[in-house]
Amino acid sequence: MLIYGILILTAFITGACACFFFRPYYFKLILTLLLVTFLNEMIAAPLLHEEYSIRQNVAYNVFSLIDMSVWLFIFYKLNTGYKVQKSVLPVTVVIFVYTFVELFFLKGWEVLHSDSFRLYEIFIITLSIIYLYRILKQEYYVISFDPFFWMCAACLLYHSILILTFTSTQN
């Protein structure tokens with residue numbers, strides 16, 4: 001757990017330094033999300049479990065709602081001016097409705113909402129592929145200066161692994 005906390009803090013510090021070079025406010029949202037991740041993983045989830053005997057999944061479910069909101073907003077803004085932006089909001093509503101149905105009626109807050117989270121992951125993977133395909137179609141493009149390329153590549157890798165994890169394990 002300590003190594004995980006150090007990794008999150010390292011990513012936070014690296015992200016804080018990168019905000020000086022890359023100005024889009026989306027990165028400030030990601031930086032804030034890293035800080036919330038650290039607080040959730042190191043303080044909130046263990047405190048709920050040890051002090052109040054509440055399962056850690058409650059903290060993870062609350063955090064996932066914040067996480068999903070931030071990333072869907074980032075991809076909404078990233079696709080400004082493109083046709084795909086029109087589909088982000090309706091699909092986001094469907095994802096959140098399904099998430100709340102799963103949390104309130106199907107599984108409860110003490111079980112991770114992995115079914116609706118898979119739907120979210122598929123959508124993030126799709127949006128990442130759409131962005132990467134859009135820049136691939138350009139005749140000349142320097143990816144080393146595009147932070148969104150690296151962000152979408154990371155989302156593609158991370159959510160592909162996460163969807164496999166949620167599909168292959170049981171709650």
Side-chain angles (χ1 to χ4, degrees), residues 1-42 60-99 112-169:
M1 190 68 132
L2 178 64
I3 293 173
Y4 184 55
I6 291 170
L7 288 173
I8 295 172
L9 274 180
T10 303
F12 177 78
I13 292 167
T14 304
C17 293
C19 275
F20 291 112
F21 297 106
F22 304 114
R23 294 292 175 195
Y25 68 92
Y26 317 129
F27 291 117
K28 292 180 181 140
L29 290 174
I30 296 171
L31 198 59
T32 304
L33 190 59
L34 277 171
L35 183 60
V36 172
T37 302
F38 178 78
L39 294 174
N40 186 57
E41 292 288 341
M42 298 296 127
Y60 294 139
N61 281 328
V62 171
F63 171 76
S64 73
L65 296 174
I66 297 167
D67 181 58
M68 290 165 50
S69 300
V70 167
W71 282 107
L72 289 166
F73 176 76
I74 288 170
F75 275 100
Y76 178 80
K77 288 304 216 176
L78 183 61
N79 288 297
T80 299
Y82 296 97
K83 291 181 199 175
V84 70
Q85 186 187 31
K86 292 178 183 175
S87 68
V88 174
L89 191 57
V91 174
T92 297
V93 170
V94 169
I95 290 170
F96 275 98
V97 166
Y98 184 31
T99 298
L112 191 64
H113 64 102
S114 58
D115 294 335
S116 58
F117 207 72
R118 275 188 226 126
L119 180 62
Y120 158 74
E121 290 164 354
I122 289 168
F123 192 51
I124 292 295
I125 290 168
T126 304
L127 292 172
S128 297
I129 290 170
I130 289 169
Y131 179 81
L132 295 173
Y133 180 70
R134 187 167 59 228
I135 65 171
L136 182 65
K137 290 188 329 184
Q138 295 182 11
E139 188 172 329
Y140 182 74
Y141 195 82
V142 181
I143 62 170
S144 59
F145 296 115
D146 181 14
F148 298 115
F149 167 81
W150 300 105
M151 182 190 76
C152 287
C155 282
L156 185 62
L157 179 65
Y158 175 74
H159 287 282
S160 296
I161 292 170
L162 202 56
I163 198 167
L164 288 173
T165 302
F166 283 153
T167 303
S168 64
T169 60

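- Between F117 and T99, the closest side-chain pair of non-hydrogen atoms is not below 4.5 Å.
- To the nearest 0.5 Å, the span separating OG1 on T165 from CZ on R118 amounts to 10.5 Å.
- Listed here is the closest heavy atom pair of S128 and C155: OG-CB, 3.4 Å.
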>> Does M151 form a side chain to side chain contact (heavy atoms under 4.5 Å, CB included) with L78? I'd like the steps, not just the answer.
In response: CA-CA 11 Å; M151 182 190 76; L78 183 61; 3.9 Å; yes
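- Using a distance-only test at 3.5 Å, with no hydrogens or angles considered, no donor-acceptor pair links the side chain of T167 to the main chain of L164.
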>> The test is side chain to side chain contact (heavy atoms under 4.5 Å, CB included); show your working for D67 and Y120 and say whether it passes.
In response: CA-CA 11 Å; D67 181 58; Y120 158 74; 3.9 Å; yes
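- Under the 4.5 Å side-chain criterion, counting only non-hydrogen atoms from C-beta, I30 is in contact with W71.
- You'll find the side chain of V88 reaches within 4.5 Å of the side chain of F123, heavy atoms only.
- Taking OG from S87 and CG from L127, the interatomic distance works out to 6.5 Å, rounded to the nearest 0.5 Å.
- Note that NZ of K137 and CD1 of I135 are 12.0 Å apart. Values are rounded to the nearest 0.5 Å.
- Residues S160 and I125 are in side-chain contact: their nearest non-hydrogen atoms beyond the backbone lie under 4.5 Å apart.
- The CZ atom of F75 sits 10.0 Å away from the OG1 atom of T126 when rounded to the nearest 0.5 Å.
- In this structure, the separation between OG on S116 and CZ on F96 is 9.5 Å, given to the nearest 0.5 Å.
- Between I161 and L157 the shortest side-chain heavy-atom distance falls below 4.5 Å.
- Within the 4.5 Å cutoff, the side chain of R134 has heavy atoms near those of the N79 side chain.
- Distance OG1/T32 to CD1/I66: 11.0 Å, rounded to 0.5 Å.
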>> Does I124 form a side chain to side chain contact (heavy atoms under 4.5 Å, CB included) with L72? I'd like the steps, not just the answer.
In response: CA-CA 8 Å; I124 292 295; L72 289 166; 4.0 Å; yes
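- In summary, the side chains of D146 and Y141 do present a donor paired with an acceptor at a separation below 3.5 Å, with no hydrogens or angles considered.
- Side chains of Y98 and H113 form no contact here, defined as non-hydrogen atoms less than 4.5 Å apart.
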>> Could you go through F63 and E41, starting from their C-alpha distance and side-chain angles, then the distance that decides it, and tell me whether this counts as side chain to side chain contact (heavy atoms under 4.5 Å, CB included)?
In response: CA-CA 10 Å; F63 171 76; E41 292 288 341; 5.9 Å; no
